[in-house]
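First listed ligand is number 1; within each ligand, the first listed atom is number 1. In this text, all values refer to a predicted model and were calculated from it rather than measured experimentally.
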Amino acid sequence: MHGRRLATLEEIIVLSAPESDVVVDSVTAWAGTHDIDVTELDVGTPVTDDHVDRTRTTMGVTVGGDGTFLEGARAFAPHRIPLLGINSGTLAFLARVNPDDVDAALTEVFRGRASVNARQQYDVVADDIDTTGINELFLRKHPPEERYGTKVGSLHVFVDDEYVGEYFGSGLIVSTPTGSTGRAYSNGGPVHYPQDNRTLQIVPHETISAAVDPIVVSRDSDVRIVLDADFDIDIDGGRQFQRLDAGTVVHVTGANQPAQAIRTSYDDPFITALVDKLDWGLRSVDDDGPRAALTGATEDESTDFRTRAARVAREAAESAGEPLREIHGQVEHVEYKTDKSDIVTEADYQANDIIRTAINSEFPGHEVQSEENDDVEPVDGYAWLIDPLDGTGNFAHGNPNYAVSIALLEDGVPIVGVVYAPESGEMFHAVAGGGAYQNGRPIEPTTRDRLDESMLLSGYDPDGGFLQAFYQETQGVRRLGSAALHLSYVAAGSADALWEYDTRPWDMAAGLCLLREVDGRATDQHGERYELRLEDDEAVRTPLLASNGSLHDRLLAHLETVEM
Ligand code: IPD
Ligand code: CA
Ligand code: CA
């Protein structure tokens, strides 16, 4: 799956083009049978805060063609509402679900099987225009008054402060990756694969200068276009159209807010849609033969259950990471659980829902237990154990050290572990018997066995006992505030050992899988093997000393000389 998984769905806002009642009715009928509220709006009606309930997971649906989808992208993006385009009429690139597939596609979304892809948008400012588009901005020489008047003109283009040059012709297109298959393509621009593509491209329109080629700039580039004659500006194929006078400066840059496009298995993949609609000669739509040459291309057929579980866990962690990144640094309200440092936020619950739904949809028979649900207890067979947000204190203070922790246990023993740090993009995963990895690369711990060469981590250390005992003996004791990340760092060799005075199973399960997979060691302060205690009993104290293995006996020996 590419993009984050769309996990929950409670409300739908439909924007529909004229004469699409039949399709809209089928959306409403489907929603009725799934207990989902629907708000119906005609395309062009602004989506305002009154339509959006922030406490509910809302999906936007457009019913129409690509024009309606573009209008929907503009209307829903400011509210961060992901958008599914249903194509009620002509061939469309963006609105890709056919009316016959509406029920099946919506059900796929409902079950948490659809993905959400961020699509780059552009901001444009010129005269009294100040708007956002998702496709392309087209500047075209304003037609002359007289039939024999000139139909070409000059545009001077600057990127940041650098003068690119004079584009002499009938106009210029600035397109996003999404818009690259439209006007930009017909004028010689390259097709951009739109997923995670944060660029804009400048493509001359019917240029009469041989030396002008399209250029691609980053979304942060400030593109300024100075008009040497009167030009018409056309935003996203007529959504806004206006004449601009000679001398006007048009500012274009990538928008901060991406549009969120929902993709289901009922829309054609991007290249297949191109082959189909643009009649590309590279391959035929059904030509999937060469795929066999790619190793691992069809993972589900060729790999085992644990590998699949690890993939689902990584996808779920990434899905949860997206809203976490959005909310990070903007937490307004925290709830206190047991004391002033035991807090939970709206983000913990959102991440929890997303991960649970993603796992439920792939492994419906498995129990999912979590810090945020009072249901942690031993289970025979498979059960998932998650801490949707480890390091909530950091998160609430805008500190980047927080993580999503997801483990699959078999009879209480972690066999898959995923720890994901959304701010740094560090993705750790391990499969029992299958190795441990950071962003796909194998990890291993350090081999240090001397205290005076080592760097330690400490978690909860109530009276600073561990710090006092080890600070002078080592190269330092750091405290990052996320137990799951601590364990991952020991497994990956960026620290040699870790002490946690008191642990809970959801903090440890995934990290423990990583550590064991790299032959690290985890015990209590006396050297007894550390075991996950799955009863949710606050009275039980479970200390942890985790290390690279080679330093462990020295740590234990030193701990015996101090009182912990
Ligand atoms: C906490 C963090 C912290 C550890 C605490 C945990 P939370 O988890 O992992 O580093 O010292 O013991 O409770 O509450 O942020 O999920
Ligand atoms: Ca935790
Ligand atoms: Ca937590």
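- Remark: the backbone N or O of E426 is not paired with any side-chain donor or acceptor of Q438 at under 3.5 angstrom.
- Using a distance-only test at 3.5 Å, with no hydrogens or angles considered, a donor-acceptor pair links the side chain of S550 to the main chain of R448.
- Backbone or side-chain N, O or S atoms of D348 do not reach the Ca ion (ligand 3) at under 3.0 Å.
- Near T392, with a cut-off below 4.0 Å to any heavy atom, the atoms of ligand 1 are 15 (O).
- The side chain of E371, and not its backbone, has at least one atom closer than 4.0 Å to an atom of ligand 1 (non-hydrogen atoms only; side chain from C-beta on).
- Residue D387 counts as close to the Ca ion (ligand 3), with an N, O or S atom under 3.0 Å.
- Note on P388: not counted as a metal contact of the Ca ion (ligand 3), no N/O/S atom lying under 3.0 Å.
- As for E371, its N/O/S atom nearest the Ca ion (ligand 3) is the one called OE1.
- Within D507, OD1 is the N, O or S atom that lies nearest to the Ca ion (ligand 2).
- Each of the atoms 16 (O) of ligand 1 lies under 4.0 Å from some heavy atom of L389.
- We find that R541 and D524 are not joined by a salt bridge, their nearest charged nitrogen and carboxylate oxygen being 4.0 Å or further apart.
- Residue D496 forms a side-chain contact (heavy atoms from CB on, under 4.5 Å) with just one option from T474, L451, N548, and that option is N548.
- R306 and E410 are joined by a salt bridge, as a carboxylate oxygen and a charged side-chain nitrogen come within less than 4.0 angstrom of each other.
- For Y349 and E372, the side-chain atoms include no donor-acceptor pair closer than 3.5 Å.
- If you number the atoms of ligand 1 from 1 as listed, the ones under 4.0 Å from a heavy atom of E500 come out as 11 (O).
- Between G459, G481, G391, P388, it is G481 that holds the heavy atom closest to atom 10 (O) of ligand 1.
- None of I13, T48, V52 except one satisfies the side-chain contact (heavy atoms from CB on, under 4.5 Å) rule with H79; the exception is V52.
- With respect to the salt-bridge test (charged N to carboxylate O, under 4.0 angstrom), the residues E326 and R80 qualify.
- Contacts of A483 with ligand 1, taken as heavy-atom pairs under 4.0 Å, involve both backbone and side chain.
- Here is the list of ligand 1 atoms found below 4.0 Å of a heavy atom in D507: 6 (C), 8 (O), 13 (O).
- In this structure, a donor-acceptor pair under 3.5 Å is absent between the side chains of N360 and T357.
- Within the listing of ligand 1, atoms 9 (O), 10 (O) sit less than 4.0 angstrom from a heavy atom of S482.
- The ligand atoms of ligand 1 that sit less than 4.0 angstrom from a heavy atom of D387 are 16 (O).
- The proximity of D390 to ligand 1, defined as any non-hydrogen pair under 4.0 Å, involves the side chain as well as the backbone.
- Checked against the Ca ion (ligand 2), the N, O or S atom of D390 at the shortest distance is OD1.
- Atom CD of E346 sits about 6.5 Å away from atom CD1 of I327, to the nearest 0.5 Å.
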